[in-house]
There are 2 protein chains.
Amino acid sequence: MLTELEQRILDAIKLHISQQGRSPTLVEIGRAVGVASKGTLHRYVQGLIDKGQLVRNHAGWRGLQLVEEEIDDESGSLPLLGQIAAGLPIEAIPGHDKFNLANFFMGPDRFILKVVGDSMVDAGILDGDMVVIRHAQQAYSGEIVVALIDGEEATLKRLKYMNDGRVKLIPENSTMQPFVYAAQRVRIQGVLVGQMRSYL
Amino acid sequence: MLTELEQRILDAIKLHISQQGRSPTLVEIGRAVGVASKGTLHRYVQGLIDKGQLVRNHAGWRGLQLVEEEIDDESGSLPLLGQIAAGLPIEAIPGHDKFNLANFFMGPDRFILKVVGDSMVDAGILDGDMVVIRHAQQAYSGEIVVALIDGEEATLKRLKYMNDGRVKLIPENSTMQPFVYAAQRVRIQGVLVGQMRSYL
DNA sequence: TTGAAAGTTCTCCAAAAGTTCTCTATATTG
DNA sequence: CAATATAGAGAACTTTTGGAGAACTTTCAA
C-alpha cells in the first residue's frame, strides 16, 4: 500500500516517462509534486523501489524504469476477424486472430462506472455506457478523468491545465460549457482507460 | 451483530475505500459519521476489527482493509463502483459490486471487428473502436448491422426496411447520406451487440 | 579534464495519524 | 435501583508521514 505522496511521485514518474520517453531526475519529480528537497525525493523513490513499484537500470542519471505487469489469460477471447470500413470488404488484420476481452481492459487499480447523462456524447461516451477507470491522483492535460469538485461532486470530464494554474473541466457536448476551477478545488480520482457498450 | 454506530462507521469506511481507493483516517471517518473524538472512533474501529468486520494491514496510516467475503469467481472481473453523473457524487448501484468483462460481451457466434472510418460517430462508434458482432442473416429494422453489398463491400450501418421492399443503410453521421438498395443486393452478415474502446 | 548537474546519505523537524487513557451521559434491563 | 451497554469528548502520548537541507559522491558533456 502506498502513501499519498508515494502514489503521487509514482504517478509523476509514469507521466514523465510516457511524455518524455525517459525517466525524470529527482528535481523534475520534485517540481511535479511540489517538493523542494532532493533528499526527501530520493528517500521516496528508494521506497518505491523497495516496494517493487520501480526498478533502477544502473545506467547513471534518469535510470528509473517502470515494472510492467502483464496479465496472462486465455479465457474471455473472441475471434478478431479484421477491420471493417465503409465500402470495402472485411480486411484481415495480420498477426491477430484472437482478441482477449479481459486483457483489453484489465489492469491494476481499475474499476468500472456506469455513465449517467449526456455530457460526453461528442467523445463517443453515451448515457448508459460503462467506463473503465484507473485510480490515479494525476493526469495529463487532455485526458478524460473522474474529478471530484470541492470533495462533493464527482464528474467525468476532459481535463485541461490552464496557464494560470487553474483547471478546466470540459464536457464533450457542444451544448454544455466548460468550467474552470482553482486547482485545489479539483481532486482527480481516476483516469478513463476504456469504454464499452452493450446493444442487447 | 453490530450496533447502529458501528454499522454507520463500517459503511463510511467502505464508501471511502471504493471512492478514494484507500482507507480513510479516523478524522475522515469522524467527519462522515459526525463524531469529533479520535479516541471514540478508534474504539469503534478496533471493535469492528475484533468482530472480524475489518482487518488492519499494518501499513501505517490508512491501513484498514475490508474483509473479502468471497473468493473471486473468475478472472476478468473488475469492481463495479456505481454510477457517475455530472454534478453528483458517485452513487452506488445496490446489489452490484463485481462486473464481469467477459460475460458482458461473450456469447455464441460472436466475433470482433475493428472500425475504420467515421460513418457511425453519431452513434458513439468512433474510428478505431472494436465492435462485437453476432453472426446473423436477419436483423430487425433499426439495428446496426454488418451488411455486404453486392457480395463485395462490407459496411457497418443502421438498417431500415422500407415499405417498397428495399433496404436503407443509414450512416450515423450527419455529413453522410443514407443509401437505398434492392433487398437482394444486401446480405446481412451480423448484428452489432457490443462496442468497446481503449484510451491507452 | 573539469565543473555543473545528478544522485546519495545523513540529520533535524513538524504536522498528521494512531493509541491509550479518563471522564461523562443516556438509555436499557434484570 | 444498580448494572450494563452504548455513545461521545478530549488530553496525553507514540508513530508515521512529509519536508528541508547540508555534505558528500558519481555521472556526463563541454
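Reminder, nothing fancy here: chain letters follow the sequence lines and each chain counts from 1. Computed from a predicted model, the values in this text were never measured in an experiment.
For B:T3, a side-chain nitrogen or oxygen approaches OP1 or OP2 of D:dA7 to under 4.0 Å.
For B:K157 and B:E172, the salt-bridge test fails: no basic side-chain N is under 4.0 Å from an acidic carboxylate O.
At the heavy-atom level, A:T25 lies under 4.0 Å from the strands shown only through sugar-phosphate atoms. At the heavy-atom level, A:R56 lies under 4.0 Å from the strands shown only through sugar-phosphate atoms.
Rounded to an integer number of Å, the gap from CG of A:L26 to C1' of D:dA20 is 15 Å. Atom CD in B:E4 sits roughly 14 Å away from atom P in C:dA27 (whole-Å rounding). Going from atom CZ of B:R43 over to atom P of D:dG10 covers 14 Å, rounded to whole Å. Rounded to an integer number of Å, the gap from NE2 of A:H42 to P of D:dT27 is 13 Å. The distance between atom NZ of A:K38 and atom C1' of C:dA5, rounded to the nearest whole Å, is 7 Å. One atom, CG of A:L5, and another, C1' of D:dG19, lie 9 Å apart when rounded to the nearest Å. Between B:D50 atom CG and C:dT20 atom P there is a gap of 11 Å when expressed in whole angstrom units. The distance from atom CD1 of B:I9 to atom C1' of D:dA7 is 10 Å, rounded to the nearest whole Å.
Between the side chain of A:S37 and the base of D:dG19 there is no donor-acceptor pair of N/O atoms closer than 3.5 Å. Checked by distance alone, A:T40 brings no side-chain donor or acceptor within 3.5 Å of a matching partner on the base of D:dG18.
Clustering ILVMFWY residues whenever any of their side-chain heavy atoms sit less than 4.5 angstrom apart, transitively, puts B:I188 in a cluster other than the one holding A:L200.
Counted by atom type alone, B:Q184 and B:R166 present zero donor-acceptor pairs between their side chains at under 3.5 Å.
Between the CG atom of A:L126 and the CD1 atom of B:I125 there is a distance of 9.0 Å, given to the nearest 0.5 Å.
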